[in-house]
Amino acid sequence: MTVFLFSLLLLAIGWVAVTGSVSLLNLVFGLLLAVLALFIVRTPFGDKSYPRRIWPVLSLAALFLKELSLSAWKVTLTVLSPDMKLKPGIFAFPLTVTSDFEITLLANLITLTPGTLSVDVSIDRRTLYVHALDCSDPEATRRNIANGFERKIMEAFR
């Protein structure tokens, strides 16, 4: 319960900081938004207790920031190189995650990473189609996604 209240307060203070308006009314509004946000996201978290989920979610966020930095650097080097040896393509990524929330999160993390873009999900929700700026080794890219984002999502939300 303490972690829940701390999260409410932290989200409310974050709201005040983002809006730039420090007032009691704005803080109360931030608390209401925090309650609403935590109510909305509690369903995808399932039965796993809230405090146990914090570290896996932070680990996923850290992985995303690492991948974001590395891929941005690779795209920058590719664009600035005089010969720009690109081999773009679309490959199929077999999904291990099953829920709509997990598939959407994985697709968004892939899309937000420079050089890759989630294109579509198959009708049976078992395959994610991904466009890559450099598709010279699609198997290595599949392994990176499976051992990175997908594994971290399953650790955090199952």
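All figures in this text were calculated on a predicted structure; none of them were measured in a lab.
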Same cluster for Val121 and Val119 if Ile/Leu/Val/Met/Phe/Trp/Tyr side chains link at under 4.5 Å?
no

Counterpart residues, side chain to side chain contact (heavy atoms under 4.5 Å, CB included), relative to Thr76 (two or more places apart):
Leu80

Taking only residues at least two apart or on different chains, which pairs with a member in residues 7-33 satisfy ring-ring contact (aromatic ring centres under 6.0 Å, His included)?
Trp15-Phe29

To the nearest 0.5 angstrom, please state how far the CG atom of Leu63 sits from the CD1 atom of Ile153.
9.5 Å

Among all residues two or more places apart in sequence or in another chain, which pass the side chain to side chain contact (heavy atoms under 4.5 Å, CB included) test with Leu86?
Thr78, Met84, Pro88, Leu133

Pairs where residues 108-122 contributes a residue and the test salt bridge (charged side-chain N to carboxylate O under 4.0 Å, His left out) is met, not counting sequence neighbours
none

Quick one: list whatever passes salt bridge (charged side-chain N to carboxylate O under 4.0 Å, His left out) with Glu102, sequence neighbours left out.
Arg158

What I'd like to find out is whether the side chain of Leu95 reaches to under 4.5 Å of the side chain of Thr127, using heavy atoms alone.
no

Going by side-chain heavy atoms closer than 4.5 Å, which hydrophobic residues are tied to Trp73, directly or by a chain of links?
Leu77

Name the atoms and distances for all side-chain donor-acceptor pairs under 3.5 Å in residues 103-117, with sequence neighbours left out.
residue: Thr104; atom: OG1; partner: Asp100; partner atom: O; Å: 2.7
residue: Asn108; atom: ND2; partner: Thr104; partner atom: O; Å: 3.2
residue: Thr111; atom: OG1; partner: Ala107; partner atom: O; Å: 3.0
residue: Thr111; atom: OG1; partner: Ser118; partner atom: N; Å: 3.1
residue: Thr111; atom: OG1; partner: Ser118; partner atom: OG; Å: 3.3
residue: Thr113; atom: OG1; partner: Leu109; partner atom: O; Å: 2.7
residue: Thr116; atom: OG1; partner: Ile110; partner atom: O; Å: 2.6
residue: Thr116; atom: OG1; partner: Thr113; partner atom: O; Å: 3.0

Backbone N/O of Leu65 and side chain of Ser69: donor-acceptor pair under 3.5 Å:
yes

Residues that, via side-chain heavy atoms closer than 4.5 angstrom, fall in one hydrophobic cluster with Leu27:
Val16, Val22

For Leu70, the other hydrophobic cluster members (4.5 Å side-chain criterion, sorted by chain and number) are none

Which pairs pass salt bridge (charged side-chain N to carboxylate O under 4.0 Å, His left out) with one or both residues in residues 126-139, sequence neighbours excluded?
Glu139-Arg142

Nearest heavy-atom approach of Ala12 to Gly30 is CB-C, 3.8 Å

Backbone of Thr96 reached by a side-chain donor or acceptor of Glu150 within 3.5 Å:
yes

First locate atom CE of Met154, then atom OG of Ser99, and finally report the distance between them rounded to the nearest 0.5 Å.
11.0 Å

Pairs involving residues 61-87, ordered by first then second residue, that meet salt bridge (charged side-chain N to carboxylate O under 4.0 Å, His left out) (sequence neighbours left out)
Asp83-Lys85

Same apolar cluster (I L V M F W Y, side chains within < 4.5 Å links), Leu8/Leu33:
no

Test of understanding: clusters of I, L, V, M, F, W, Y form through side-chain heavy atoms closer than 4.5 Å, transitively. Do Leu31 and Ile13 belong to the same one?
no

What heavy-atom pair brings Ala34 and Leu11 nearest, and what distance separates the two atoms?
CB-CB, 3.6 Å

Applied to residues 106-141, the ring-ring contact (aromatic ring centres under 6.0 Å, His included) test, sequence neighbours excluded, yields none

So, for Pro138 and Cys135, which heavy atoms are closest and what is the spacing to 0.1 Å?
CD-O, 3.4 Å

Kindly assign one of parallel, tilted or perpendicular to the pair Phe64 and Phe149, based on the angle between their ring planes and the thresholds 30° and 60°.
tilted

